[in-house]
Amino acid sequence: MKKFLIAGNWKMNKTSAEAAAFAEELKAKNLPNAKDVCVMAPFTSIEALGKGLEGSGIGFGAQNVHFEPSGAYTGEISVAMLQELGVGYCVIGHSERREYFAETDETVNKKLKVLIAAGITPILCVGESLEVREQGGEQTFVAGQVIADFADIPAADAAKVVIAYEPIWAIGTGKTATPEQAEDMCAFIRGVVSGIYDNATGDGMLILYGGSMKPSNAKELLEKPDINGGLIGGASLKVDDFAAIAEAAASL
Ligand code: PGA
């Protein structure tokens, strides 16, 4: 049976009080696949979200972390700080962080290593811009990201990473990649991972699609063989929509 992960990415949305209310409503949905569902909150809302989800089996996490253990890094958050909150997941290398906050493959690689060492599951985002896709360079671009992001990470550690393929042109635009485009790239990424490591690592890797996934298109994306779930932005802000996507995965 195919493994799934349905991950919400709230981005810069929801205060602690809003996170607590969301958690209560989501818990009340009694999702059949709760352990395959997680929500990534802003740092300040993680604690309330985690408390609210207690006993539900639903995971929670952060959207970034710093790679140094402590020190003079004003405004940053360390892995130990996340561990203390009990986070299970952390989004790394989201295109918004790469574009607006100078995240590079080098910092992504360092962050992957500290998260793996801490036992927090990284959700590594990769994906090309519209310009790159229009020039037909999407596979080269994404392969380059995957290879650089996994540099010096041994197979046993790589197996702990979740990859999210998020074409930048589909994020928050309402313009979803077609199921075929999403499947093609997720299958391609799986091949790249197999090439770096071995077939077992590639076959076992969870590869999500992200970019305007919503209840109306979730099933056709999720039923594709190489798509193991979704990283969901806008639609994760509404409990009903998010739960409907999780239920679509549970039905497959
Ligand atoms: P979206 O965002 O679902 O709002 O397109 C996805 C993401 O950026 O993770």
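Both counts, for ligands and for their atoms, begin at 1 and track the order of listing. Quick caveat, the model's predicted, so the values are computed rather than measured.
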Mutual orientation of the aromatic rings belonging to Phe150 and Tyr197 [parallel < 30°, tilted 30-60°, perpendicular > 60°]: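 Perpendicular, since the angle between the ring planes exceeds 60°.
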Is there a heavy atom of [X] sitting under 4.0 angstrom from any atom of ligand 1?
{"X": "Ala235", "answer": "no"}
{"X": "Ser95", "answer": "no"}
{"X": "Ser212", "answer": "yes"}
{"X": "Lys214", "answer": "no"}

Geometric N/O contact Glu96 with ligand 1, under 3.5 angstrom: no
Any idea which atoms of ligand 1 are less than 4.0 Å away from a heavy-atom of [X]?
{"X": "His94", "result": "7 (C), 8 (O), 9 (O)"}
{"X": "Asn9", "result": "9 (O)"}
{"X": "Gly211", "result": "5 (O)"}
{"X": "Gly234", "result": "1 (P), 3 (O), 4 (O)"}

Short side-chain donor-acceptor distance under 3.5 Å, Arg190 and Asn199: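 The criterion, which ignores hydrogens and geometry beyond distance, is not satisfied for Arg190 and Asn199.
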Residue pair Trp169 / Glu128, side-chain donor-acceptor N/O under 3.5 Å: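 Their side chains do contain a donor-acceptor pair, which is all the 3.5 Å distance test asks for.
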Ile163, Val161, Asp198, Ile147 screened by side chain to side chain contact (heavy atoms under 4.5 Å, CB included) with Val193, the one that passes: Ile163
Partner of His94 by side-chain hydrogen bond (donor to acceptor under 3.5 Å, both in side chains), out of Glu99, Glu166, Gln63: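 That would be Glu166.
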Exceeds 12 heavy-atom contacts within 6.0 angstrom, atom CD of Glu76: yes
Over 12 foreign heavy atoms within 6.0 Å of NZ, Lys219: no
In terms of residue, atom name and distance, what is the protein heavy atom nearest to [atom]?
{"atom": "atom 3 (O) of ligand 1", "answer": "Gly233 N, 2.9 Å"}
{"atom": "atom 7 (C) of ligand 1", "answer": "Glu166 OE2, 3.1 Å"}
{"atom": "atom 2 (O) of ligand 1", "answer": "Lys11 NZ, 3.3 Å"}

Basic-acidic side-chain contact under 4.0 Å: Arg98, Asp149: yes
Structural part of Ala170 in contact with ligand 1, heavy atom criterion under 4.0 angstrom: backbone
Pro69 vs Val79 side-chain heavy atoms within contact, under 4.5 Å: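 No, too far: nothing below the 4.5 Å cut-off.
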